[in-house]
Amino acid sequence: MSGVDQGLESEAPAGASNGDGRRPAIAVLDYGIGNLRSAQKALEKVGADAHLTDSPSMIEEADGVVLPGVGAFGACMSALREAGLDEQAEQAVADGRPFLGICVGMQMLFEESEESPGVAGLGLLPGRVVWLPDTVKRPQMQWNRLSCRPFADDSMAGRMLRGLDGSWMYFVHSLAAEPSDLTAATVDYGGPVVAAVAADNIFAAQFHPEKSAEPGLRLLANFVELCRDQQGSGADINHAGDHAADLHPAS
Amino acid sequence: MRAIRVIPCLDVAEGRVVKGVNFVDLRDAGDPVKLAAEYDRQGADELVFLDIGASHENRDTTVAMAAAVAEEVFIPFTIGGGVRTVDDARSLLRAGADKVSVNSAAVARPELIAEIAREFGSQCCVVAIDGRRVSTERPEGGLRDEADTARTGNGLDGQAESRDASDIPSGFEVYTHGGRTPTGIDVVEWARRAVDLGAGEILLTSMDRDGTGDGFDHEMTRAVTDAVSVPVIASGGVGGVGDLAPGVVKGGADAVLAATIFHFGQATIADAKDALSSAGLTVRPA
């Protein structure tokens with residue numbers, strides 16, 4: 001990628017801008033599934049103090065929580081429940097802390113998935129997860145270009161996706177959430193496919209920001225910023241007016 | 001939208017890139033992290049590291065390399081070569097690799113594919129297949145015309161010693177151990193079976209074309225892309241960026257892999273993407 005934004009590099013002490021100097025603590029929920037190190041390393045790269053963890057106390061104290069996931073919906077849900085992390089995820093969302101779901105970690109936030117009929121999702125978001133159209137190759141394993149829906153600058157979608165309309169992200173998936181009012185961005189893959197959703201303190205991406213080069217790191221940096229605001233203050237992200245000047249609504 | 005991926009392949013041994021990579025401004029041409037970062041900067045869509053010195057003694061250095069790359073490089077990368085067990089796969093994936101690729105070990109014990117897919121998901125299980133055209137000079141006869149009339153065998157049960165045209169109906173035979181060992185197995189049948197077992201992607205290399213610069217073997221690529229539902233990476237034979245688009249247009253590949261043209265400064269990733277783009281294909285801009 002040309003034009004890598006040096007602002008994403010974390011050589012400068014992250015958190016230096018916010019007085020107390022502490023990098024926001026982010027818990028990446030570790031329930032034994034897949035490659036989680038990439039998510040942790042990418043968050044550290046953009047200024048977080050990120051931990052792969054299943055420790056309730058560490059998760060409860062985190063400023064923000066990330067739920068990753070790869071593989072099958074049913075297998076991920078049972079592993080998550082077995083580790084007791086379903087309750088931790090629900091608590092973090094209920095607390096209003098910034099919450100990021102990635103890939104199957106996004107899909108688990110919904111009520112159910114066609115991939116694993118009869119398995120209940122977390123149900124933190126309404127709706128279901130459905131197969132990609134059978135007119136296209138499954139999985140979608142490629143980079144694709146985000147098309148952001150119009151958003152308010154100070155909304156969750158606005159704060160996470162600012163400047164990212166039209167950027168390319170890396171996808172590996174065979175299912176996706178059904179389009180709804182929560183849809184924040186789509187990609188074209190045999191028709192519009194939901195790429196991101198946003199609601200209150202939840203943002204979820206079907207793509208892998210930790211594997212999407214500079215635009216992916218930018219999105220994670222936006223998340224770290226939300227967590228920084230959360231730090232100490234418990235700030236309501238819907239009223240983060242001090243950032244409004246930086247934001248660019250999608251056209 | 002289907003966007004074609006451009007994938008540089010780096011050969012490594014004992015955690016170092018070998019066979020030389022010649023970037024002008026790079027002091028240590030053997031440092032996998034620096035090379036990976038450079039390809040990331042150039043706009044590569046993914047990276048493949050092939051451990052050619054693969055022996056069990058150096059697994060730890062390969063795992064350490066995966067961890068070092070994962071610290072600095074935020075595009076997907078695959079590690080192949082010497083992955084023989086679920087534990088091998090686990091250590092590489094836990095270290096930060098996104099996918100592992102299996103080859104000889106999967107031919108020897110196909111259940112390895114199912115085990116990796118079950119444990120970590122199909123998306124991280126790449127099956128690498130090295131294929132060669134069945135020689136027309138073989139005494140027992142492997143002519144394609146004959147092969148086409150004998151499409152009954154599944155090719156997988158055939159023993160090497162009993163190999164004949166009916167074992168290789170597609171005319172392309174699987175080789176293992178870096179392309180040295182014929183197996184008597186049909187490339188297309190093996191690809192199908194690998195996908196049935198849980199392979200999420202096929203990395204298909206023509207050993208006839210590898211190193212020649214004559215372009216991909218489009219016939220073999222097409223035979224496999226027509227047979228399987230998962231993405232196929234075409235590999236082997238790229239001598240210039242003009243060879244890339246035919247792998248997609250003629251071969252039906254979803255991604256193109258090359259080594260030499262990128263490593264020695266003959267072409268940048270941007271050149272490769274321009275060539276694909278000029279052929280009317282969609283790529284993520286470099």
Side-chain angles (χ1 to χ4, degrees), chain A residues 1-4 8-9 30 32-46 52 69-72 75-76 103-104 134 136-145 147 166-174 187-193 208-217 220, chain B residues 1-6 37 39-47 66-77 89-90 92-100 117-126 198 200-201 225 228-233 252 254-255 268-270 282-286:
Chain A
M1 296 291 295
S2 56
V4 170
L8 292 174
E9 302 293 332
D30 183 358
I33 295 272
N35 167 12
L36 306 178
R37 188 189 283 257
S38 304
Q40 180 208 6
K41 293 297 171 194
L43 286 161
E44 287 181 346
K45 181 86 175 171
V46 296
L52 289 178
V70 293
C76 282
C103 197
V104 180
D134 56 13
V136 289
K137 202 169 263 207
R138 296 192 304 224
Q140 170 174 220
M141 186 184 280
Q142 64 169 18
W143 296 73
N144 208 331
R145 196 167 173 269
S147 180
S167 62
W168 290 74
M169 299 290 187
Y170 185 75
F171 290 78
V172 185
H173 66 127
S174 295
V187 291
D188 172 26
Y189 195 67
V193 168
H208 287 273
E210 76 281 15
K211 285 291 163 182
S212 296
E214 188 269 341
L217 292 178
L220 293 177
Chain B
M1 177 172 63
R2 179 175 175 237
I4 304 305
R5 288 170 286 152
V6 175
Y39 281 124
D40 176 8
R41 195 193 62 75
Q42 285 192 16
D45 296 311
E46 291 187 29
L47 298 168
V69 171
E71 293 264 346
E72 291 297 327
V73 178
F74 298 101
I75 59 174
F77 68 95
R90 179 183 294 113
L92 290 167
L93 295 169
R94 289 296 293 190
D98 298 282
K99 313 178 196 179
V100 293
R118 197 167 45 234
E119 187 90 12
F120 312 110
S122 286
Q123 80 292 332
C124 67
C125 183
V126 181
E201 191 169 36
T225 56
V228 300
S229 56
V230 302
V232 175
I233 306 169
D254 302 280
T268 62
I269 301 295
T282 302
V283 291
R284 161 185 171 245

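Here is the naming used below: chain letters follow the sequence lines, and residue numbers restart at 1 for every chain.
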Count the heavy-atom pairs under 4.5 Å between each of R138(A), K137(A), Q140(A) and chain B, then report the option with the highest count.
K137(A)

Side chain, backbone, both or neither: which part of [X] has an atom under 4.5 Å from a heavy atom of chain B?
X: D134(A); result: neither
X: R145(A); result: both
X: A72(A); result: neither
X: Q142(A); result: both

Region of [X] that comes under 4.5 Å of a non-hydrogen atom in chain A:
X: A97(B); result: backbone
X: R90(B); result: neither
X: T282(B); result: side chain

Give, for atom CZ of F74(B) and atom OG of S38(A), the distance between the pair rounded to the nearest 0.5 Å.
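Rounded to the nearest 0.5 Å, the CZ-OG separation comes out at 8.0 Å.
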
Atom pair NE2 (H208(A)) and NE2 (H173(A)), whose distance is rounded to the nearest 0.5 Å
9.0 Å

Presence of salt bridge, E201(B) and R5(B), under 4.0 angstrom:
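Salt bridge flag = yes for E201(B) with R5(B).
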
Assess, by modelled atom type and distance only, whether the side chains of E46(B) and Y170(A) contain a donor and an acceptor separated by less than 3.5 Å.
yes

Please check if the side chain of D40(B) supplies one atom and the backbone of V73(B) the other of a donor-acceptor pair under 3.5 Å.
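No; zero donor-acceptor contacts below 3.5 Å.
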
Residue pair V193(A), D188(A): steps toward the side-chain contact (heavy atoms from CB on, under 4.5 Å) verdict
CA-CA 6 Å; V193(A) 168; D188(A) 172 26; over 6 Å; no

